[in-house]
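Below: the structure, in structure tokens.
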Amino acid sequence: MHRLRDLVFGPGRAVLVLAFTQILTWGILIYPPVLTMPHVTAAHGWSLAFGMAGFSLGLIVSGLLSPVVGGLIDRHGGNVVMASGALAGALGLALFSVADHPATYLACWLLLGAAMSASLYDPAFATLTRIFGASARRQITFVTFAGGFASTVGWPATHLLLEAVGWRGTYLTFAAIFAFVVAPLHAFALPRHVAVAPLPVADAVVVPPQATLRPEGWPFILLAAAFSLYSFILSGVTSNLLALLERGGLSAATAVTIGAMFGPAQVASRLADFMLAGRTHPLWIARGAVVLVMSAFAMLALAGISFPLAALFAVAFGAANGVMTIARGALPLLMFGPIGYGRVIGRIARPALFVQAFAPFVVASAVETLSDRTVLLLGTAGALIVLVCFVMIKTPGVAARR
């Protein structure tokens, strides 16, 4: 009864609110372009490359604003900041439906980039850390678990809306959801509770705040580099995976079936982490996830593409990415503490979002000049570099477990 009361009237309500809004924000800002862009560009006579360049611009703007947004959440909380981001998204989505000039189209993506910086995982993590302090890992895990269903909701809903009301009506519907659902939930339903002091966790994995590192120097650089290179691999591979599988001899329908395995594997690994939260150090989780990614790339590169191996690759990559998202929220909290967490995670997100914006084009260009096997081997090497970065990071919590 006490837990139920906390979920409705106490700080725990933040988890329910953000779990729901993360499904909406990811399902509206990130997943629809792959379905809507062919309609948008065809209506205006633009190339698909130009249409997707707007999406890349949004990611770049999000990266530029992320540290600022995180700092604002540290000071003022998620209510004002995330609600403002939702309103910026509503305006950008509404204008999107009438933006017939290339300049106004790109201006819409500036607004949507601002919405991304204040609406997706990083601001949600910062909000939860401000509310729950050093014990926020379990809440972060639950929110990412729910967010894993965004593609399950976003793609079918977008497809139905495109058929029912066209792409302009789809974006107006998205704008209404941001204005009348997401923004009010962030503004009025998010608790304004602030952790008076960093809250200790009973498990020995979490170290006292005074034992955390300063968010500067080699530990921070290694952490930011690891997550940035991982983001490059993730963005580059997922955007080119279906085409790569088809070139390997699989049919388009089979490639789509394999691609669909990524989401459930991601959710399953997050569920496992949620059940074990606080018992496994997030640095070891990150290292294990990268080993899984590296093995998956090497397997596909050396053994070739077949349905069983491609399916195993998708499941392994999805499971690894599921827990890597959690590690991106939990590891900075453990290493640098809850004070100023929003700005720290924003600084980590900035380079990751930059490379995420350019990765699809870089990997597509590499595929055109190199063989698919070579690209997969390069992915293996990139994952190895990420692993080295994580191995070089030392924290008191890891030492305590040995």
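Since this is a predicted model, take the numbers as computed values, not measurements.
For the residue pair T374 / S371, a side-chain donor-acceptor distance below 3.5 Å is found, with atom types taken as modelled.
Aromatic pair F227/F390: ring centres closer than 6.0 Å. Two rings, from F313 and F297, have their centers less than 6.0 Å apart. The ring of W167 has its center closer than 6.0 angstrom to the ring center of H44. Two rings, from F232 and F358, have their centers 6.0 Å or more apart.
Ring geometry for W26 versus Y31: interplanar angle of 30 to 60°, hence tilted.
Among L24, L16, L18, V17, the one residue that satisfies the side chain to side chain contact (heavy atoms under 4.5 Å, CB included) test with L185 is V17.
No salt bridge links D273 with R138; every basic N to acidic carboxylate O contact stays at or beyond 4.0 Å. With salt bridges taken as basic N to acidic carboxylate O contacts below 4.0 Å, one links D100 and R168.
Under the 6.0 Å distance and 45° angle rule, R347 counts as a cation-pi partner of F220.
Between the side chain of R350 and the main chain of S66, no donor-acceptor pair closer than 3.5 Å is present. Side-chain N or O atoms of Q22 include one that pairs as donor or acceptor with a backbone N or O of S119 at under 3.5 Å. Between the side chain of T144 and the backbone N or O of I326 there is no donor-acceptor pair closer than 3.5 Å.
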| said: Evaluate F50 against Y105 for ring-ring contact (aromatic ring centres under 6.0 Å, His included), listing each step before the verdict. | reply: CA-CA 10 Å; F50 174 76; Y105 170 78; 5.6 Å; yes

| task | Check step by step if side-chain contact (heavy atoms from CB on, under 4.5 Å) holds for F178 and T25. | result | CA-CA 8 Å; F178 260 69; T25 53; 3.8 Å; yes

| request: Kindly indicate, with the supporting measurements, whether the criterion side-chain contact (heavy atoms from CB on, under 4.5 Å) is fulfilled by L370 and L378. | output: CA-CA 10 Å; L370 304 171; L378 289 174; 3.9 Å; yes

| task | Run the numbers on R137 and F125 for side-chain contact (heavy atoms from CB on, under 4.5 Å), then give the verdict. | result | CA-CA 9 Å; R137 176 182 170 180; F125 295 165; over 6 Å; no

| request: Carefully, step by step, assess R247 and D372 under the rule salt bridge (charged side-chain N to carboxylate O under 4.0 Å, His left out). | output: CA-CA 8 Å; R247 287 194 301 272; D372 289 342; 3.0 Å; yes

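Counting heavy-atom neighbours within 6.0 Å of H76 NE2, excluding the residue itself, gives a total above 12.
Residues that satisfy the side-chain contact (heavy atoms from CB on, under 4.5 Å) test with T254, not counting sequence neighbours, are L250, S251, I258, F307.
Interatomic distance, CD1 of I285 versus OG of S269, reported as 10.0 Å (0.5 Å rounding).
A pairwise comparison of heavy atoms in T41 and G51 identifies CG2-CA, 3.8 Å as the closest pair.
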